[in-house]
Amino acid sequence: MILIGQYDSSFVRRVAIALRLYDLPFEHQPWSVFGDGDKIRAYNPLMRVPTLVLDDGEVLVDSPSIIDYIDGLVAPERRLLPVEGAERRHGLKVMALATGFADKGVSLFYEERIHKEPSVLWVERCKVQIAATLDVLEADRKRATGPYWFGARISHADIAVACAIRHMSEAHPGLICPSQRPALAAHCSTLEALPVFQEISQPFTAPA
C-alpha cells in the first residue's frame, strides 16, 4: 500500500499511526497538495490527502474510507474501535467531532492566509465552532476514567483527537489554551509521548 500525504496533516497522520499500530506495511509518499498537486491528482481527482493506493491499484480517497478498509484487514479483537454497540457509536461520535474541528481549522487557515481580506464573520464562526467542539470533547474526556478514552486500549478516537489538536495548535498558535481544557491537554501529552506518535510526526509547514 502507498499512503500519500504529509504527516503535518492530522488526517494523514492518524491513518499512518493506525497502519503502524496494526503492523500493516506501507510506503509513504509525503506529497503536498500545493507543491505536488499534479502527482496527487493522478490518483485522486479531488487532490486531497490522505490518499491510499492499494496493492491491486484501487484508490481510497478519504480518511474514513481508509480507516474502514484497514480495520477490515485485522482480526476484530485487534481493531481500534469495537465492531458494534454503544462504545462503537460513542467512538464514531468522538472521531467525527475531532475530524470536524480539524476541518474547521483548515478552513480557518485558508481564510486567513489565502484571502486578501478575510471574512471577519467566517473567521469568527470557525473559531466559535472549534471552541464549542473542544468544550464538548473536554467534558467527554473528563468522564473517561482509563488512560485512554475507552479504557486501557488506544482507539481511533484517541488518535483522531490528539492528531487534530496537534495540528490546530501548530497551524493556529494561541487558539487553543491547554490550561482551559486540562483533560484534553493531558490526553494529548500522553499520546504524543508514545513512540509511534513521535515516529510519525512532522511539524506544520504553511504552504508557500
Backbone N or O of L52 within a donor-acceptor pair of the Y43 side chain at under 3.5 Å? no
For residues R14 and Y7, determine if any side-chain heavy atom of one lies less than 4.5 Å from a side-chain heavy atom of the other. no
So do M168 and F101 actually touch side chain to side chain, heavy atoms under 4.5 Å? yes
So, using ring-ring contact (aromatic ring centres under 6.0 Å, His included) as the criterion, who are the partners of H156 when residues are at least two apart? none
Determine which pairs satisfy side chain to side chain donor-acceptor pair (under 3.5 Å) with at least one residue from residues 79-99, sequence neighbours left out, and list them in order. H90-D140
Shortest non-hydrogen separation from G151 to P147 and the atoms involved: O-CD, 3.3 Å
F34 CZ to Q6 CD distance, which is reported to the nearest 0.5 Å: 10.5 Å
Answer whether the closest heavy-atom distance between the side chains of R48 and V61 falls below 4.5 Å. no
Is it the case that one hydrophobic cluster holds both I159 and L92, taking links as side-chain heavy atoms less than 4.5 Å apart, direct or via other members? no
With a 4.5 Å heavy-atom cut-off, do L137 and T133 have their side chains touching? yes
Quick one: CG on L121 to SG on C126, what's the gap to the nearest 0.5 Å? 9.5 Å
Given the rule in the ring pair (Phe, Tyr, Trp, His ring centres under 6.0 Å) test, do F11 and H167 qualify, once you have shown the distances and angles that lead to the verdict? CA-CA 10 Å; F11 302 95; H167 177 268; 7.9 Å; no
E138 side chain near P182 side chain, heavy-atom distance below 4.5 Å: yes
Decide side-chain contact (heavy atoms from CB on, under 4.5 Å) for E112 and H172; before the verdict, give the C-alpha distance in whole Å, the side-chain angles of both, and the deciding distance to 0.1 Å. CA-CA 10 Å; E112 292 182 325; H172 302 283; 3.9 Å; yes
Same apolar cluster: V59 and M47, side chain cutoff 4.5 Å: no
So OG of S63 and CG of D68: to nearest 0.5 Å the spacing works out to 11.5 Å
Does D36 reach the main-chain N or O of K39 with its side chain, forming a donor-acceptor pair under 3.5 Å? no
Note, I154 side chain near W149 side chain (heavy atom, < 4.5 Å): no
Pair D62, S65: side-chain N/O donor-acceptor within cut-off below 3.5 Å: yes
Do V161 and I67 land in one hydrophobic cluster if side-chain heavy atoms of ILVMFWY residues count as linked below 4.5 Å? no
Side chains of L60 and T51 in contact at under 4.5 Å (non-hydrogen atoms): no
Taking E27 for its side chain and I2 for its backbone only, find out whether a donor-acceptor pair lies under 3.5 Å. no
When rounded to the nearest 0.5 Å, the distance separating CZ of F197 from CG of L21 is 7.5 Å
Nearest 0.5 Å, please: how far is CD in E170 from CD1 in I165? 12.5 Å
Below 3.5 Å, can you tabulate the donor-acceptor pairs from side chains in residues 183-194 to any protein atom, sequence neighbours excluded?
unit_1, atom_1, unit_2, atom_2, d
H187, ND1, R141, NE, 3.0
H187, NE2, D158, O, 3.2
T190, OG1, A186, O, 3.0
E192, OE1, R13, NH2, 2.8
E192, OE1, R166, NH1, 3.2
E192, OE2, R13, NH1, 2.9

Using side-chain heavy atoms (C-beta onward) and a distance below 4.5 Å, is L3 in contact with Q29? no
Using the rule that two of Ile, Leu, Val, Met, Phe, Trp, Tyr join whenever any of their side-chain heavy atoms come within less than 4.5 Å, decide whether L81 and V196 are in one cluster. no
Check the hydrophobic clustering (I, L, V, M, F, W, Y; side-chain heavy atoms under 4.5 Å; chains of links allowed) and say if V12 and I40 are grouped together. yes
What distance do I66 atom CD1 and D71 atom CG have between them, rounded to the nearest 0.5 Å? 12.0 Å
